[in-house]
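Position 1 is the first residue of the sequence, and the numbers go up from there.
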Amino acid sequence: MSDCQGLGDCDDTRMQRIYEYLDGALTHDDIAEIKDHLDECPECHEQYDLECVIRVMVKRSCTEAAPENLKNSILDRIHSIRAVEADAEA
């Protein structure tokens, strides 16, 4: 049976254990405990699902390259700012 009684009853320690579970940082016994808890606790399972989505989005964001026109626009702006600063110093 879950040790959670409803929304908000799982504490930060339980969520930390779920993060460790997602990171693969638990022992075999701890993994089984967390799996059992997730099966019984809708609140924690919802948080687990949300964390999975967040991790997928972060991973995807870290692998996507910026569009070439965005890079060029940023570089053009940097060069413009440097030119204005150089003129101001002269």
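If you take CZ on R14 and SG on C44, they are separated by 6.5 Å, rounding to the nearest 0.5 Å. For the atom pair I18 CD1 and T13 OG1, the distance stands at 11.0 Å (nearest 0.5 Å). One distance of note links CD of E85 with CZ of R82; it measures 8.5 Å at 0.5 Å rounding.
Note on L50: it clusters hydrophobically with V58, by side-chain heavy-atom contacts below 4.5 Å among ILVMFWY residues.
None of E33, H45, E46 except one satisfies the side chain to side chain contact (heavy atoms under 4.5 Å, CB included) rule with L38; the exception is H45.
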Counting only pairs under 3.5 Å, give me each side-chain donor-acceptor contact of residues 20-29, with atom names and distances, residues two or more places apart or in other chains.
from, atom 1, to, atom 2, distance (Å)
E20, OE1, R17, NH1, 3.3
D23, OD1, R55, NH1, 2.5
D23, OD1, R55, NH2, 3.1
T27, OG1, D30, N, 3.2
T27, OG1, D30, OD2, 3.2

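Without hydrogens or angle criteria, S80 side chain to D76 main chain gives a donor-acceptor distance under 3.5 Å.
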